[in-house]
Number of protein chains: 2
Amino acid sequence: MATRVALKASAARPDLTSVLEDKGYRVTGPRLNIIRLLGKKNEGFSAEEINYALPGVGRATVFRTLKLLLGANVICKLTTRDGGVKYSLARVEHHHHTVCVKCGTVGDFRDVTIERLLRTLGDEIQGQIVGHRIEVDVVCPSCQKASRN
Amino acid sequence: MATRVALKASAARPDLTSVLEDKGYRVTGPRLNIIRLLGKKNEGFSAEEINYALPGVGRATVFRTLKLLLGANVICKLTTRDGGVKYSLARVEHHHHTVCVKCGTVGDFRDVTIERLLRTLGDEIQGQIVGHRIEVDVVCPSCQKASRN
DNA sequence: CAGGGCTATGAGACGTAGTATCATTAGTGT
DNA sequence: ACACTAATGATACTACGTCTCATAGCCCTG
């Protein structure tokens, strides 16, 4: 059945637990705790952050749950310029990220042109394209403002 | 005087040691060994690989030298789909990478349109763009051929 | 060419991100 | 209520790096 709700940015978030149910995973205490925490975070977050915020939940479980959500395309993982790792809620189906190099805030963007471009790039690229990662480093508006002082 | 030679793919590679000299770093034995090894590799390589190939050179030195070369834009670092890390020689000034999801071979491509596109994306992106990472996952021609059997 | 000074090195401890193992616990279907 | 299985936490381990520190090696100056 699995009515997959079309995610709309900043609309009332469909509760993420349904994602687990849909995939046949159990909805357990630790998972709920993690998911609830993520629901509150609008910016990127690290695994350690969650681990710290939920002392009752084991580190392994945090990573396991993140992996699960990653597989369900509910969150996504990104690499910052300095090689760090961040996770972020996936608000829209397919998108890319901006990461502020000053404060680390993660933003989303989607530009169909990029997808199209990558497809047409097939000529220039040897082989068959099966995926891609695009991350844009930015200085976010508030950091720009701050540095102007 | 640092005559910066325009790098051309598969042309006789200008010896990478000049990069060290240009930046005021010493051209030492371990560095030479690493650089010579890189010169032979046309595909991506990992730090561990170099470490293994040069038993006389310490692991820290391998990483230190890679960092040095990274800073000199002689090599670049990329993340594969599975979260692994690869380094690759930077043949052209600014470019992006294709990584074969089967065999891990790294290729380069450069498409000016992407740079232009990212610039014009400024409207859609909050903040000022200061950099980006683009990685394209592919199935390379030889792996395609192999799987057709 | 001897000496001094600074750079680079290797060994190994340490840090961070994540996975594997394994005994225990907790959902779930009947 | 019970048994079956999935999930959990603790902990060890791996990958990829960085930090520290004592030692070695360049290289400049006298």
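Each chain gets a letter, A, B and so on, in the order the sequences are listed, and its residues count up from 1.
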>> Can you identify which nucleotide, out of D/dT8, C/dT9, D/dC16, has its nearest atom closest to the B/P30 side chain?
In response: C/dT9
> Can you check the B/L70 CG to D/dC16 C1' distance for me, whole Å?
Replying inline: 14 Å
> Checking all strands, does B/G56 fall into the base, sugar-phosphate, or nothing category for heavy-atom contacts under 4.0 angstrom?
Replying inline: sugar-phosphate
> Hey, any chance A/V130 and A/I134 share a hydrophobic cluster, counting ILVMFWY side chains that come within less than 4.5 Å of each other, even indirectly?
Replying inline: no
> Between A/K67 and C/dT19, does any side-chain N or O lie under 4.0 Å from OP1 or OP2?
Replying inline: yes
> OP1 or OP2 of C/dT9 sitting under 4.0 Å from any side-chain N/O of B/T28?
Replying inline: yes
> So what does B/K86 hit on the nucleic acid, given a heavy-atom distance under 4.0 Å: a base, only sugar-phosphate, or nothing?
Replying inline: nothing
> Rounded to the nearest Å, what distance is computed from the CD atom of residue B/E49 to the C1' atom of nucleotide D/dC16?
Replying inline: 14 Å
> Hey, are B/R59 and B/E48 close enough for a salt bridge, meaning a charged N less than 4.0 Å from a carboxylate O?
Replying inline: yes
> Looking at the side chain of B/R26, which of C/dG10, C/dT7, D/dA7 is the nearest nucleotide?
Replying inline: C/dT7
>> I want to verify a distance call: between C/dG18, C/dT9, C/dC6, whose nearest atom is closest to the B/T61 side chain?
In response: C/dT9
>> Which residue in the set A/V62, A/T61, A/T65 passes side-chain contact (heavy atoms from CB on, under 4.5 Å) when paired with A/P30?
In response: A/T61
>> Rounded to whole Å, please give me the gap between CD1 in A/I34 and P in D/dA7.
In response: 13 Å
> Once you round it to whole Å, what is the distance between C1' of C/dG18 and CZ of B/R81?
Replying inline: 19 Å
> How many Å lie between CG on A/D82 and C1' on C/dG15, as a whole number?
Replying inline: 14 Å
> Nearest to the side chain of A/F63 - C/dA17, D/dA6, D/dG17?
Replying inline: C/dA17
> Which residue lies toward the 5' end of DNA chain C, A/G83 or A/A60, if each is placed at its nearest nucleotide?
Replying inline: A/G83
> So does B/Y87 get a side-chain nitrogen or oxygen closer than 4.0 Å to the phosphate oxygens (OP1/OP2) of D/dG17?
Replying inline: yes
>> Distance criterion of 3.5 Å, no angle test: do you see the side chain of B/R64 paired donor-to-acceptor with the base of C/dG10?
In response: yes
>> Need one value for A/R59: base, sugar-phosphate or nothing, where a base atom within 4.0 Å counts as base even if backbone is also close, heavy atoms only.
In response: base
>> Given A/T80, which partner from the list A/V99, A/V106, A/V85 fulfils the side-chain contact (heavy atoms from CB on, under 4.5 Å) test?
In response: A/V99
> Strictly by modelled atom types, are B/E49 and B/S46 linked by a side-chain donor-acceptor pair under 3.5 Å?
Replying inline: yes
>> Rounded to whole Å, please give me the gap between OH in A/Y52 and P in C/dG15.
In response: 17 Å
>> Would you say the ring centers of B/H94 and B/H132 fall short of 6.0 Å from each other?
In response: yes
>> Base, sugar-phosphate or nothing for B/G24? Non-hydrogen atoms, less than 4.0 Å.
In response: nothing
> Whole-Å distance between D/dG17 P and B/N51 CG?
Replying inline: 12 Å
> Nearest to the side chain of B/R31, which nucleotide is it out of C/dT9, C/dT19, D/dC26?
Replying inline: C/dT9
>> Tell me the interatomic distance from A/E21, atom CD, to C/dG29, atom C1', rounded to whole angstroms.
In response: 16 Å
